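Being a predicted model, the structure only gives us computed values, none of them experimental. Here is how names work: the chains are called A, B, and so on, in the same order as the sequence lines, proteins then strands, and each is numbered from 1.
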Amino acid sequence: MNSASHNKADNPSFFELVYQVVRLIPKGRVTTYGAIAAYLGSKQSSRAVGYALNGAHFIKPKVPAQRVVNRNGMLSGKAHFETPTRMQELLEKEGVIVKDETIQNFSKHFWDPAKELSL
DNA sequence: GTCATGACAAAGA
DNA sequence: TTCTTTGCCATGA
């Protein structure tokens, strides 16, 4: 009976899983696309994660996409926010220092779902 | 059904 | 060290 079902994901769509994880990110913490992808089981799908967040603005409850950056700690997705400075503003408001579109002490603010949620 | 794009990541020169 | 190239997954035309 599996031949008929190509359900790659029996569960919620990959996108929803991404939204779930992002919403679990504590305030003042940040994570990377690869970390989320890895937590979902496919660390190579980091691109899909970013693509998912592309529609996060239309998802409710609100998804703190500002807490998700690339592995370099750079706000690569800031351009997709309401304003190019919105992402940085939100992060600084939560206590994260952002300099030159890059998070300072990134390792310190880094939050790994596969580690924190696994505990 | 194939081609091209994208808020990434890792490896090679 | 920085720059370039390749790979992966999902979406849109």
Side-chain angles (χ1 to χ4, degrees):
Chain A
M1 320 262 159
N2 320 344
S3 51
S5 51
H6 345 104
N7 299 353
K8 208 189 278 192
D10 329 326
N11 308 346
S13 298
F14 188 87
F15 278 34
E16 250 187 60
L17 293 172
V18 174
Y19 303 142
Q20 286 281 1
V21 177
V22 175
R23 277 182 287 202
L24 292 172
I25 301 172
K27 183 179 167 210
R29 297 286 183 191
V30 291
T31 189
T32 66
Y33 303 96
I36 295 172
Y39 177 70
L40 297 179
S42 303
K43 90 176 170 182
Q44 274 96 346
S45 62
S46 46
R47 278 185 140 155
V49 175
Y51 204 88
L53 287 178
N54 189 357
H57 294 282
F58 301 94
I59 303 298
K60 264 112 44 158
K62 184 180 155 193
V63 179
Q66 68 277 10
R67 295 175 186 157
V68 185
V69 297
N70 63 7
R71 78 169 184 90
N72 290 318
M74 300 168 66
L75 284 54
S76 47
K78 72 181 173 78
H80 291 258
F81 276 72
E82 303 175 76
T83 59
T85 55
R86 180 68 172 172
M87 190 173 186
Q88 182 174 331
E89 289 291 317
L90 290 169
L91 287 171
E92 291 185 328
K93 192 168 165 186
E94 299 192 349
V96 179
I97 308 300
V98 179
K99 181 79 172 189
D100 191 34
E101 303 176 31
T102 307
I103 296 176
Q104 304 304 296
N105 306 320
F106 177 60
S107 302
K108 190 157 85 170
H109 294 294
F110 181 67
W111 179 85
D112 188 346
K115 208 169 218 175
E116 302 293 333
L117 299 179
S118 214
L119 260 145

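Taking both residues in full, the closest heavy atoms of A:R23 and A:P61 are given as NH1-CD, 2.8 Å, listed atom of the first, atom of the second, then distance.
The nucleotide B:dA7 finds no pairing partner, because no Watson-Crick or G-U wobble arrangement with both distances shorter than 3.5 Å includes it.
Screening A:V63, A:V49, A:I59 for a side-chain contact (heavy atoms from CB on, under 4.5 Å) involving A:V18 leaves a single residue, A:V49.
Rounded to an integer number of Å, the gap from CG of A:N70 to C1' of C:dC8 is 17 Å. Atoms CG (A:L40) and P (B:dA9) sit 14 Å apart, rounded to a whole Å. The distance from atom CD of A:Q66 to atom C1' of B:dA7 is 13 Å, rounded to the nearest whole Å. In this structure, A:N72 places its CG atom 14 Å from P of B:dA11, rounding to the nearest Å. The distance from atom CD1 of A:I36 to atom C1' of B:dA9 is 14 Å, rounded to the nearest whole Å. In this structure, the CE atom of A:M74 is 16 Å from the C1' atom of B:dG6, given to the nearest Å. We find that OH of A:Y51 is positioned 16 Å from P of B:dA4, with the value rounded to whole Å. Summarising the geometry, the separation between OH on A:Y33 and C1' on B:dA10 is reported as 17 Å, rounded to the nearest angstrom.
With salt bridges taken as basic N to acidic carboxylate O contacts below 4.0 Å, one links A:R67 and A:E94.
You'll find that the side chain of A:A48 is closest to C:dA10, out of B:dA7, C:dA10, B:dA10. Nearest nucleotide to the side chain of A:S46, out of B:dA7, B:dA9, C:dT11: B:dA9.
Residue A:A65 is in base contact, counting any heavy-atom pair closer than 4.0 Å across all strands shown. A:N54 comes within 4.0 angstrom of a nucleotide base, judged by non-hydrogen atoms across all strands.
You'll find the side chain of A:T32 reaches within 4.5 Å of the side chain of A:F106, heavy atoms only.
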